[in-house]
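Contents: one structure, followed by commentary.
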Amino acid sequence: MRRALLLLLTLLLTATAAAQTPIDGYKVVATFPHATTSYTEGFFYLNGHFYEGTGLKGHSQILVTDPATGNVLQHLDVAPQYFGEGIVDWDSNLYEWTWQSHIGFVYDRATLHPLAQFTYTGEGWGMTHDATHIITDDGTAIIRFRDPKDFHEVRNITVTDQGAPVTELNELEYIKGEIYANVWHTNRIARISPRDGHVIAWIDLTGLLPDVVQLYNEAVLNGIAYDAQHDRLFVTGKEWPTIFQITLVPPKPASR
């Protein structure tokens, strides 16, 4: 009987360990300059340039920069009453929304000339897209899939890890059929299934930016960009001095 109980306990512990969500590490491949004046809220890579939407009322901007030098190639000052949040490219346009104003903007991506406005309920946080929808979050555990034509919600998923909701999802990027999401005030990125919202794996970026370089507590990890043509992954943070190109390091198989 004792052996049977020990065996059962061992099997339960093994099953529990096997069910834990994998945690990827990282390796820094290259670094690029980033302005410590940029309070990063939206971030993506397209056609050789970084596109960035920054926050804070009176300081929000849309920036297009050269990765090698960090030089600003184009910029747009957002009206001072708005706190800029996520941005995303869609066809020849660029969408931006704002934190609590319920107002979003559509720009011509080539010129940053404003084309239209749209409205929505709730807060605006991160934004990305797949082939058919603009994908957004609002600081909760809910990710919404929206019609780019009028921004209405088509469907949503609740992000969970081992059945528990994952809240404070922030900047987003769609990569190889997964949604990558910064989690505010953490050094982790969640890799999320767009089908049902479960966390496929975590990326632990602890130590990426040394604590002595972080300007203050709110200068946190927040910015994911992907170069699909060359399979390059970039990450940065609010008012960080550096954009990091990283590769993921999968967890080592458990030893027996």
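Heavy atoms only: backbone and side chains are in, while hydrogens, waters and symmetry mates are out.
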Please answer: with hydrophobic residues joined when any side-chain heavy atoms are less than 4.5 Å apart, are Val183 and Val199 in the same cluster?
-> yes

Can you tell me how far the CD1 atom of Ile62 sits from the NE2 atom of His75, to the nearest 0.5 Å?
-> 11.0 Å

Under a single-linkage definition using a 4.5 Å side-chain heavy-atom cutoff for Ile, Leu, Val, Met, Phe, Trp and Tyr, are Trp125 and Val78 assigned to the same hydrophobic cluster?
-> no

Say whether, by atom type as modelled, one donor and one acceptor occur between the side chain of Asp130 and the main chain of Thr132 under 3.5 angstrom.
-> yes

Tell me, do Phe83 and Leu56 make a side-chain contact under 4.5 Å, heavy atoms counted?
-> yes

What is the ring orientation for Phe43 with His34, classed by angle as parallel under 30°, tilted 30 to 60°, or perpendicular over 60°?
-> perpendicular

Over all heavy atoms of both residues, which pair between Gly197 and Ile157 is shortest? Give the atoms and the distance, please.
-> CA-CD1, 3.8 Å

How long is the gap from CG on Leu221 to CG on Leu208, to the nearest 0.5 Å?
-> 7.0 Å

side-chain contact (heavy atoms from CB on, under 4.5 Å) between Arg109 and Asn47: does it pass, once the steps are laid out?
-> CA-CA 12 Å; Arg109 196 179 68 246; Asn47 298 332; 4.2 Å; yes

Under 3.5 Å: donor-acceptor pair, side chain of Asp66, backbone of Leu73 = no

Any link between Phe234 and Ile224 through a network of hydrophobic side chains (Ile, Leu, Val, Met, Phe, Trp, Tyr) touching at under 4.5 Å?
-> no

Taking atom CG of Leu248 and atom OH of Tyr26, what is their separation to the nearest 0.5 Å?
-> 12.0 Å

Quick check: are there more than 12 heavy atoms from other residues, nucleotides or ligands sitting under 6.0 Å from NE2 of His59?
-> no

Which value, rounded to the nearest 0.5 Å, describes the distance between Leu115 atom CG and Phe105 atom CZ?
-> 12.5 Å

Is the backbone of Tyr226 close enough, under 3.5 Å, to the side chain of Glu173 for a donor and an acceptor to pair up by distance?
-> yes

Taking the side chain as every heavy atom from C-beta outward, state whether Val72 and Thr65 have any atom pair closer than 4.5 Å.
-> yes

Reported OG1-to-CD distance for the pair Thr98 and Glu96, which is rounded to 0.5 angstrom = 7.5 Å

Report yes or no: does Asp91 contribute a side-chain atom to a donor-acceptor pair with the main-chain N or O of Asn93 at less than 3.5 Å?
-> no

Contact check, side chains of Ile175 and Arg191, non-hydrogen atoms, under 4.5 Å = no

side-chain contact (heavy atoms from CB on, under 4.5 Å) between Glu239 and Tyr216, worked out | CA-CA 9 Å; Glu239 300 181 349; Tyr216 59 108; 2.8 Å; yes

Rounded to the nearest 0.5 Å, what separation is found between the CD1 atom of Ile189 and the CG atom of Leu169?
-> 12.0 Å

So, Glu52 side chain and Gln61 main chain: donor-acceptor pair closer than 3.5 Å or not?
-> no

For atom CG of Asn217, decide whether the heavy atoms of other residues, nucleotides or ligands shown that lie under 6.0 angstrom number more than 12.
-> no

Can you see which heavy atom on Leu209 is nearest to which on Pro241, and at what distance?
-> CD1-CD, 4.0 Å

When you measure from the side chain of His102 to the backbone N and O of Gly122, does any donor-acceptor pair fall under 3.5 Å?
-> yes

Do you know the tightest heavy-atom contact between Leu112 and Tyr107?
-> O-CD2, 3.6 Å

Would you kindly confirm whether Trp90 and Ile87 end up in one hydrophobic cluster when ILVMFWY residues are joined by side chain heavy atoms under 4.5 Å apart?
-> no

Distance-only, no hydrogens or angles: does the Thr236 side chain make a donor-acceptor pair with backbone N or O of Thr242 under 3.5 Å?
-> yes

Taking a hydrophobic cluster as the set of Ile, Leu, Val, Met, Phe, Trp and Tyr residues connected by side-chain heavy atoms closer than 4.5 Å, whether directly or through intermediates, do Trp202 and Leu205 fall within one such cluster?
-> no

Mind checking whether Phe32 and Pro67 have side chains closer than 4.5 Å, heavy atoms only?
-> yes

Step-by-step side-chain contact (heavy atoms from CB on, under 4.5 Å) determination, Thr140 to Thr167 = CA-CA 5 Å; Thr140 68; Thr167 60; 5.6 Å; no

Does Thr40 offer a backbone N or O that forms a donor-acceptor pair with the side chain of Asn222 under 3.5 Å?
-> yes

Nearest non-hydrogen partners of Gly55 and Glu41, listed with the distance | N-CG, 3.7 Å

Indicate the ring-plane relationship of Phe244 and Trp240, choosing parallel, tilted or perpendicular according to the 30° and 60° boundaries.
-> perpendicular

Is a donor on one side and an acceptor on the other found under 3.5 Å between the side chain of Thr128 and the backbone of Ile135?
-> no

So which heavy atom on Arg188 is nearest to which on Ile23, and how close?
-> NH2-CD1, 3.2 Å

Aromatic ring pairing Phe151/Tyr95, orientation class (parallel under 30°, perpendicular over 60°, tilted between) | parallel

Do Arg232 and Tyr45 have a side chain donor and acceptor closer than 3.5 Å?
-> yes

Criterion side-chain contact (heavy atoms from CB on, under 4.5 Å) on Val220 and Trp184, from CA distance to verdict | CA-CA 7 Å; Val220 295; Trp184 191 35; 3.8 Å; yes

Ser101 side-chain N/O to Ile103 backbone N/O, donor-acceptor pair under 3.5 Å | no

Could you pull out the closest heavy-atom pair between Val88 and His129, with the gap in Å?
-> CG2-CD2, 3.4 Å

